[in-house]
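In what follows, a single structure is set out as structure tokens and then discussed.
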Amino acid sequence: MSPGETYGSAQISRGWIALFSALALAGAGAFLVGVGGPQSLRAWQAYLINYVFWTGLSFGAVLFVAVLNMTDARWGRSLKRLAEALGAFLPAAFLLFWVLYFGRGEIFPWISEPVPEKAGWLNVGFLFARNGGGLLLLTLLCMALIFYSVKADREFLTRPAVSEDLPGGKPWRVQRVLSPIIGILYAFILSLLGFDLIMSLDPHWYSTLFGAYYFMSSFYAALAALVLISHLFRRTHGLQEYIHPHHLHDLGKLLFAFCLFSGYLFYVQFLVIWYGNLPEETKYIILRIRFTPWEPMGWIVLGMIFILPFLVLLNRKWKMNPAVMIPVSLVVLGGMWLERFILVAPSLWKEKSLPLGPLEILITGGFFGIMALSLTVFLRRVPLLPVSDPLFREAMKPHAEKEKP
Amino acid sequence: MAHDPALLGIFPHLDDLLAALKKVKKDGFNILTVFSPIHFSEIQEILGHKPSAVRYFCLAGGILGGVSLVGLAVYAHLSFRLITSGKPVLPWIPFVVVFFEGTVLLSVIFAVAAWILKGRLPRVRPNPAYDPRFSEDRFGILVGCRGEERELVWKLLEEAGAEEIRDVSG
């Protein structure tokens, strides 16, 4: 393997960028109109649903890179840049977090109806300070990880002779140091987001596992997104030589494992609440699985994020087949979005109608536009493969070359 | 297990083994067996073997275990109708745990039993071509060859990346 082979950046036409920009603008417009209109709560809750969904997904994708680095994994090295591309959304996510400050009165019920015994934790200043600080720290670390990964590749492509002499070098060492820190902080800060931005919407209800459920299910969503873009980019950018069917098989197995684990984390909370049968705990579940308009949504979510992927991902050949995996990953992503919807909306929306219409679709389209725009702009500027990554190079070498002293 | 004269190629890398298998098969030589420390579906696909029937035993054990343990729980609950905290006599939510445990228990027992029976274990006299390294980190191909075929097979295995080749006879 030598530099100068097919290691260019992604060839994504300006038409796609224009489309994603238009989606982002349409979403922003719809949000502003919604917030200024009679149903501003719908706009704010749609914004919050999308915020927790897309931000969790983006952090989860960077966690995938960090885990690859921590475990010295060779198998998924060719997927590293695509996972980093999903993390390109994070600076936008940090800025979008502060928009929530302007809707705090509508979003957080504990502002209008304070809970005195929880006031030390549930107060506006402390909530935005701790979440803003946590997001800033984790975003900076994730950006540094991506920056050093990309920097090393650019140096490798421009000065291959120097880089060949320094396998890994400083950028690689920095990535090795940052990865475990990101892994630990991911668990803490995403737990915090789960507790503060979702669980606190029903301030009398609590589940100690909720934070773990949020960060693990976000990782599940990130894996589904990675499966989707791996299949898409493999086809459109001629990456078949680097992303083999067995890479896709392994990624499919990982998706299956986290389908089971997310389902398990849901069930362990559900079982304990059911068994304890305490009114202040059961009301959260009963509202979502017994009451109109949420009841059918609960079953749809269970089917989309657990039952269907569980049955499909049992099959080995299907895990390598794009005609199966692209729809399955879209179903999982759609299911995860609806799951965030059913966690957030019933706590805020008290009408009998389901708050799911053109406004929510446009705001979701806006967030999707920002994510897709970040991803495409990033991939147009950087090599599609982590060419300087020592483990990627190791994985791509023929065996005879690997054994050279 | 006696067999005709054969050559055993020992490979350190899976990729080389797979490439060698494809070449041996393409050239029409007789692959007697393949040794591998762990299961690889790719080997099975190249050889054209059907997947092992062990999985069907495992599935049958899983279904039997899950259903029978839930059946036992249902029988016990109906025999002693103790209503606790207003919960139904037959609560499906905790029965998921019972079903899961029963499924895992009998599927594992059936899989191990099927593995022993189908593999005809324990094998008193191992295959003469077996090398203890095949249970560690090496792969092997045993190719049957007679007369002038021997040279061709030797060359093929050598070029495919075998680190060691030796004659094995029944």
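- Dense packing is recorded around CZ of B:Phe134, with more than 12 heavy atoms of other residues, nucleotides or ligands lying under 6.0 Å away.
- The line from CG of A:Asn277 to OG1 of B:Thr84 is 11.0 Å long, rounded to the nearest 0.5 Å.
- Applying the 6.0 Å contact sphere to CZ of B:Phe35 captures more than 12 heavy atoms from other residues, nucleotides or ligands.
- For residues 250-261 of chain A, the pairs satisfying side-chain hydrogen bond (donor to acceptor under 3.5 Å, both in side chains) are A:Asp250-A:Lys253, with sequence neighbours left out.
- Atom-to-atom distance recorded for B:Asp15:CG and A:His246:NE2 is 7.0 Å, nearest 0.5 angstrom.
- Within 6.0 Å of atom NZ in B:Lys87, more than 12 heavy atoms from other residues, nucleotides or ligands are found, so the atom counts as buried in its surroundings.
- By the ring-ring contact (aromatic ring centres under 6.0 Å, His included) test, A:His237 is found to be paired with A:Phe233, residues two or more places apart in sequence or in another chain being considered.
- The stretch residues 306-326 of chain A participates, sequence neighbours left out, in these side-chain hydrogen bond (donor to acceptor under 3.5 Å, both in side chains) pairs: A:Arg316-B:Ser41, A:Arg316-B:Glu45.
- Of residues 256-271 of chain A, those residues with a non-hydrogen atom less than 4.5 Å from any non-hydrogen atom of chain B are, in numerical order, A:Tyr267, A:Phe270, A:Leu271.
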